[in-house]
There are 2 protein chains.
Amino acid sequence: MELENLTDSRIARPRRYEDGCGMAHALDLLGDRWALLVVRELMLGPKRFSDIRADLPGISANTLTQRLEELERSGVVLRQTLPPPASGQVYGLTEWGYQSKPIMGALARWATRSPGHDVAQNFSPVSLLLSFQAMGQPGLPKDIDATFGFRFGRESYVSWIRDGAIGAERGDASGADVIFTGTPRAVASAVYGGASLHALEAEGALKVEGDRALASRFVTLFPLPEKAVV
Amino acid sequence: MELENLTDSRIARPRRYEDGCGMAHALDLLGDRWALLVVRELMLGPKRFSDIRADLPGISANTLTQRLEELERSGVVLRQTLPPPASGQVYGLTEWGYQSKPIMGALARWATRSPGHDVAQNFSPVSLLLSFQAMGQPGLPKDIDATFGFRFGRESYVSWIRDGAIGAERGDASGADVIFTGTPRAVASAVYGGASLHALEAEGALKVEGDRALASRFVTLFPLPEKAVV
DNA sequence: CGGCATCCGGGAAGATACTG
DNA sequence: CAGTATCTTCCCGGATGCCG
């Protein structure tokens, strides 16, 4: 009796859309609630279950477990067991999963043109760094060659701009030409909301170290695309 | 009492993800079940309610109504009332909605690399034509300059290849250099499944008119990307 | 034909609590 | 820390019926 209700992880979930189109298959892979945001959180390197959960406010442990299982089964996510002493598990993207990055960037860029998009929301650390890469398309000034560090609570990230392109990864912020310390939201309010760095520092929302002129220029590098006229 | 449960269409649906990231907003716009496929169906020109529904087997009238409402409210879809004698309404994409096309193409291309993707499924007429545009990226042979007509039941489409690029729209197939008549699935089995045109014609699944050599070449132009190794 | 309103059943998501 | 168990709620799909 109970066996009929058994959901066996070895049995692939049935297709949701009977459709050979690649877009429909993309929805089978990433169309579940939260799935795309889980992938986003792994885009700058593997993370632990709790860290993903912490950066995705609103997701339940239950749902995150399920999404990670499905993404692993479909070959987008890879579960890795860390060697001691840092024992535990982390989830990362497969090579193929990682290749969705520019597409997601383009999608994000498209969506910011929505009249309903409000940039004064929360950003996760990863989503902020990714947004720089998305909004830095198609080109940044070629005369910049510098590194930028970000310290958000326990997580820290480094981004570099060179030859008109921008990269980013999780890592040590020390030694960067500019270091921002605060919340992703505070940085976003400077970059996207036009808030002044001085004001943010005055109210204690942000700390800026290093080359201040470079910092002031950094926040102007990522103009949002124009809103769509509807 | 009942008023508390009233869902007023004038009140915007609350954000589902409290997240300023563009990708999260994209999910607010297109993340609902079927939403992306509805947009896909409009990508080659406006369609009527029933025609959308007919090409999305499995969607309920109820859900389609709701998706169209939401997409219209968010500025992706535009509802137009046709003048007599063709009275009735059609749904089309806004300029901004239409601009998601290359992104969706890239997403579809990415998804076909999935080990779980099976091309031997149903295609809607629109999804087939769009798949040609997606798989024809980044380039087609520059020595082709021709038009291709497709007749799928009542709907017919025209596609043209020139200067290494491919375009498509709903329209009259007459006068094209090659005309395919049959089901989208039959054409897909030739283009993506390696089925021979002769065999398909022999079993009555497809009719090919016009330049047969060109038709034979056409079906080789859209190789699927390699499967991802996982 | 082109929808919209309503009720029903199933399943996925959320909240909370609990376990190794 | 990394999940599981349970309960509740909400969304989706199917069917039906109404209306212009």
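Residue numbering restarts at 1 for every chain, and letters A, B, ... go by the order of the sequence lines.
For the pair A:Lys47 NZ and D:dA2 P, the computed distance is 12 Å after rounding to whole Å. Atoms CG (B:Leu64) and C1' (C:dG3) sit 10 Å apart, rounded to a whole Å. Atom OH of A:Tyr91 and atom P of D:dA2 are 8 Å apart (whole Å). Nucleotide C:dC4 holds its P atom 7 Å from the CZ atom of B:Phe49, rounded to whole Å. Put simply, CD on A:Glu69 is 15 Å from P on D:dA2, counting in whole angstrom units. Counting to the nearest Å, the P atom of D:dC1 and the CG atom of A:Asp51 are 8 Å from each other.
With salt bridges taken as basic N to acidic carboxylate O contacts below 4.0 Å, one links A:Arg40 and B:Asp19. Look at B:Arg73 and B:Glu70 and you find no salt bridge, because none of the NZ, NE, NH1 or NH2 atoms lies under 4.0 Å from a carboxylate O.
When distances are taken from the side chain of B:Arg48 to each of C:dG2, C:dG3, D:dA2, the shortest belongs to C:dG2.
Under the 3.5 Å distance criterion, with hydrogens and angles disregarded, a donor-acceptor pair is assigned to the side chains of A:Tyr192 and A:Ser131. A side-chain donor-acceptor contact under 3.5 Å links B:Ser114 and A:His25.
For the OP1/OP2 pair of D:dA2 and a distance below 4.0 Å, the side-chain nitrogens and oxygens of A:Ser50 include at least one atom meeting the criterion. The phosphate of D:dA2 (OP1 or OP2) has no side-chain N or O of A:Gln89 nearer than 4.0 angstrom.
Looking at A:Arg79, its side chain never comes within 3.5 Å of a backbone N or O of A:Leu68 through a donor-acceptor pair. Between the B:Ser159 side chain and the B:Gly167 main chain, a donor and an acceptor come within less than 3.5 Å of each other.
In plain terms, the two heavy atoms of A:Lys47 and A:Val126 that are nearest each other are NZ-CG2, 4.1 Å. Pairing each heavy atom of A:Phe49 with each of A:Ala61, the nearest pair is CZ-O, 3.6 Å.
Using cut-offs of 30° and 60° on the angle between ring planes, the pair B:Tyr17 and A:Trp34 is perpendicular.
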Between the protein and nucleotides 18-20 of chain D, which nitrogen or oxygen pairs are less than 3.5 angstrom apart?
none

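Comparing the start and finish of the helix from C:dC1-D:dG20 to C:dG20-D:dC1, five pairs each, the helix axis swings through 40°, to the nearest 10 degrees.
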| request: Do nucleotides 5-15 of chain D as a string where each nucleotide becomes B, S or -: B if the base has a protein heavy atom under 4.0 Å, S if just the sugar-phosphate does, - if no protein is that close. | output: BB-----SBB-

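For the pair B:Val38/B:Ile59, a side-chain contact is recorded, criterion being any heavy-atom separation below 4.5 Å from C-beta on. Between A:Lys227 and B:Trp96 there is no side-chain heavy-atom pair separated by less than 4.5 Å.
Across all strands shown, A:Arg79 has heavy atoms under 4.0 Å from sugar-phosphate atoms exclusively, and none from any base.
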